[in-house]
K.L.:
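Please read through the structure below; I'll follow up with questions.
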Amino acid sequence: MAARDTLIRLLTPLYREAVHSPWTGLSALRAHTGVSSAYALGEEDDVAASDDSPVLVIGGFMSHPYYYAPFARMLRRAGYSVHIDDLFNCRRFIPYVERLCKRVDEIAAATGRPVRIVGHSLGGLQAFAVLAQCPDAIGQVVAVASPILGGTPWRPLQQLAERVLGVRARDSRVLYEQIEPYANRVTTISSPRDLIAPPRVCAIAGAGNVVLSTITSADRALASHTGVIFMPTAVRVILRSLLRPCPFPMSVQHAI
């Protein structure tokens, strides 16, 4: 019985993701068209940006940039200048973060504005690392389903990620400590329906921690780890979070 329970515990997240993942993009597009689109984009909630602020979107583990095209479209319609990391996110963690830091510096120098980052899953952890290394260029980080406290509790994925990324789950504790001084620039978003990054491993002391405890009918088809960033409720929280003023003076100047 114990072996059976262990097997079920290991396979349940995989089953849930396998059921949702093939349809996530289609569900996202369907959820953000027509009436749902107006509601999700904040046209009824007054959460649209007006200054073309730069936002960098960093995807999850083993994700392709095109996967986030529907989300990028939502941000653009809300008035943001959107940048999507253009590499398949399956590289060593430290060199990849160094590359992201350079990208952020370039965006900040070109626009003269602090960069806001929206990171999904691993992308949120990478965004935290960028915030710790180049805080002068980062105005805000919104991390969606990013397991900062010891990594994902789903061990098969954790073990694969550790081998590919060249880091250990326990290293996230060090990262947690590094971003504590900047917690007021951080918003975390998590869902109890997410078995890979549940709320208990995503919250950061001093940050704005939002738990999507209510799953609406529009959210239900996207209520998985891979789909949570597309949930209309999550998008509304992201857009509201991005409107928060940057809590520090920007030091990066326009590039000549």
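Values reported hereafter were calculated over all heavy atoms of this structure, with side chains retained and with hydrogens, waters and symmetry mates removed.
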K.L.:
So, N209 side chain and I204 main chain: donor-acceptor pair closer than 3.5 Å or not?
P.N.:
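Side chain of N209 to backbone of I204, a donor-acceptor pair under 3.5 Å: yes, one is there.
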K.L.:
State, to 0.1 Å, how close A203 and T188 come at their nearest heavy-atom pair, and which atoms those are.
P.N.:
CA-OG1, 4.2 Å
K.L.:
With side-chain contact (heavy atoms from CB on, under 4.5 Å) as the test, would you mind laying out the steps for T111 and S81 before giving the verdict?
P.N.:
CA-CA 10 Å; T111 63; S81 174; 5.9 Å; no
K.L.:
With a 4.5 Å cut-off on side-chain heavy atoms, are I229 and I238 touching?
P.N.:
yes
K.L.:
Of the non-hydrogen atoms in H64 and Y68, which two are nearest, and what is the gap between them?
P.N.:
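Result for this residue pair: O-CD1, 4.0 Å.
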K.L.:
Please tell me if the side chains of V164 and R92 come closer than 4.5 Å, counting only heavy atoms from C-beta onward.
P.N.:
no
K.L.:
Out of curiosity, E177 CD to E180 CD, how far, rounded to the nearest 0.5 Å?
P.N.:
6.5 Å
K.L.:
Quick check for you: to the nearest 0.5 Å, what is the distance between Q158 atom CD and R168 atom CZ?
P.N.:
9.5 Å
K.L.:
What are the two closest non-hydrogen atoms of N89 and G59, and how far apart are they?
P.N.:
ND2-O, 2.8 Å
K.L.:
Is the shortest side-chain heavy-atom distance between T226 and Y67 below 4.5 Å?
P.N.:
yes
K.L.:
For the residue pair A72 and I84, what are the closest heavy atoms and their distance?
P.N.:
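Heavy-atom minimum between the residues: CB-CD1, 3.4 Å.
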K.L.:
Using 4.0 Å as the upper bound for N to carboxylate O, is an ion pair formed by R113 and D52?
P.N.:
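No, D52 and R113 are not salt-bridged.
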K.L.:
Has S191 got a side-chain atom pairing as donor or acceptor with R193's backbone, closer than 3.5 angstrom?
P.N.:
yes
K.L.:
Show the numbers, then the answer: is there a side-chain contact (heavy atoms from CB on, under 4.5 Å) between L131 and V186?
P.N.:
CA-CA 9 Å; L131 174 60; V186 173; 3.9 Å; yes
K.L.:
Please answer whether the main-chain N or O of A169 pairs with a side-chain N or O of E162 as donor and acceptor at a distance below 3.5 Å.
P.N.:
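Such a contact is found between E162 side chain and A169 backbone.
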K.L.:
What verdict does the side chain to side chain donor-acceptor pair (under 3.5 Å) test give for D85 and Q126, after you've listed the backbone C-alpha separation in whole Å, the side-chain angles of each residue and the deciding distance to 0.1 Å?
P.N.:
CA-CA 12 Å; D85 190 53; Q126 292 163 334; over 6 Å; no
K.L.:
Quick one: does H83's side chain get under 4.5 Å of R103's, heavy atoms only?
P.N.:
yes
K.L.:
Using side-chain heavy atoms (C-beta onward) and a distance below 4.5 Å, is M231 in contact with I215?
P.N.:
yes
K.L.:
How long is the span from the CD atom in Q140 to the CG atom in L243, to the nearest 0.5 Å?
P.N.:
8.5 Å
K.L.:
Kindly compute the distance separating CZ (F128) from CD1 (I148), expressed to the nearest 0.5 Å.
P.N.:
5.5 Å
K.L.:
Any idea which heavy atoms bring V82 and R76 closest together, and the distance?
P.N.:
CG2-CG, 3.5 Å
K.L.:
Determine whether a donor-acceptor pair (N or O, by modelled atom type, separation under 3.5 Å) exists between the side chain of Y176 and the backbone of G150.
P.N.:
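Not a single qualifying donor-acceptor pair exists.
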K.L.:
A side-chain contact here means heavy atoms from C-beta on lying under 4.5 Å apart; do P232 and D219 qualify?
P.N.:
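The answer is yes, as the side chains (C-beta and beyond) meet within the 4.5 Å cut-off.
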K.L.:
Any chance you could lay out the side-chain contact (heavy atoms from CB on, under 4.5 Å) test for R173 and L149, step after step, and finish with the verdict?
P.N.:
CA-CA 6 Å; R173 296 284 180 173; L149 293 175; 3.7 Å; yes
K.L.:
Hey, any chance F230 and Y66 share a hydrophobic cluster, counting ILVMFWY side chains that come within less than 4.5 Å of each other, even indirectly?
P.N.:
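Unlinked, F230 and Y66 end up in two clusters.
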K.L.:
Tell me, do L242 and S53 make a side-chain contact under 4.5 Å, heavy atoms counted?
P.N.:
no
K.L.:
Ignoring hydrogens, what is the shortest heavy-atom contact between Y96 and L87? Give both atom names and the distance.
P.N.:
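Reported closest heavy-atom pair: OH-O, 3.8 Å.
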K.L.:
How far apart are the C-alpha atoms of I179 and V141, what are their side-chain angles, what is the distance that settles it, and do they pass the side-chain contact (heavy atoms from CB on, under 4.5 Å) test?
P.N.:
CA-CA 11 Å; I179 63 173; V141 169; over 6 Å; no
K.L.:
Please answer whether the main-chain N or O of G227 pairs with a side-chain N or O of H120 as donor and acceptor at a distance below 3.5 Å.
P.N.:
no
K.L.:
Count I, L, V, M, F, W, Y as connected when their side-chain heavy atoms are under 4.5 Å apart, and connections chain through other members. Are V167 and F88 then in the same cluster?
P.N.:
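Hydrophobic grouping puts V167 with F88.
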K.L.:
Taking R185 for the side chain and P135 for the main chain, is one N or O donor matched with an acceptor at less than 3.5 Å?
P.N.:
yes
K.L.:
Are I94 and V174 connected, step by step, through hydrophobic side chains (Ile, Leu, Val, Met, Phe, Trp, Tyr) whose heavy atoms are closer than 4.5 Å?
P.N.:
no
K.L.:
Rounded to the nearest 0.5 Å, what separates atom SG in C90 from atom CG in L122?
P.N.:
9.5 Å
K.L.:
Would you check if V211 and P192 make a side-chain contact, meaning some heavy-atom pair closer than 4.5 Å?
P.N.:
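Yes, at least one pair of side-chain atoms sits under 4.5 Å.
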K.L.:
Nearest 0.5 Å, what's the OG1-CG distance between T152 and L195?
P.N.:
9.0 Å
K.L.:
Tell me whether T187 contacts the main-chain N or O of V142 through its side chain, where contact means a donor paired with an acceptor under 3.5 Å.
P.N.:
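Looks like no, no N/O pair under 3.5 Å.
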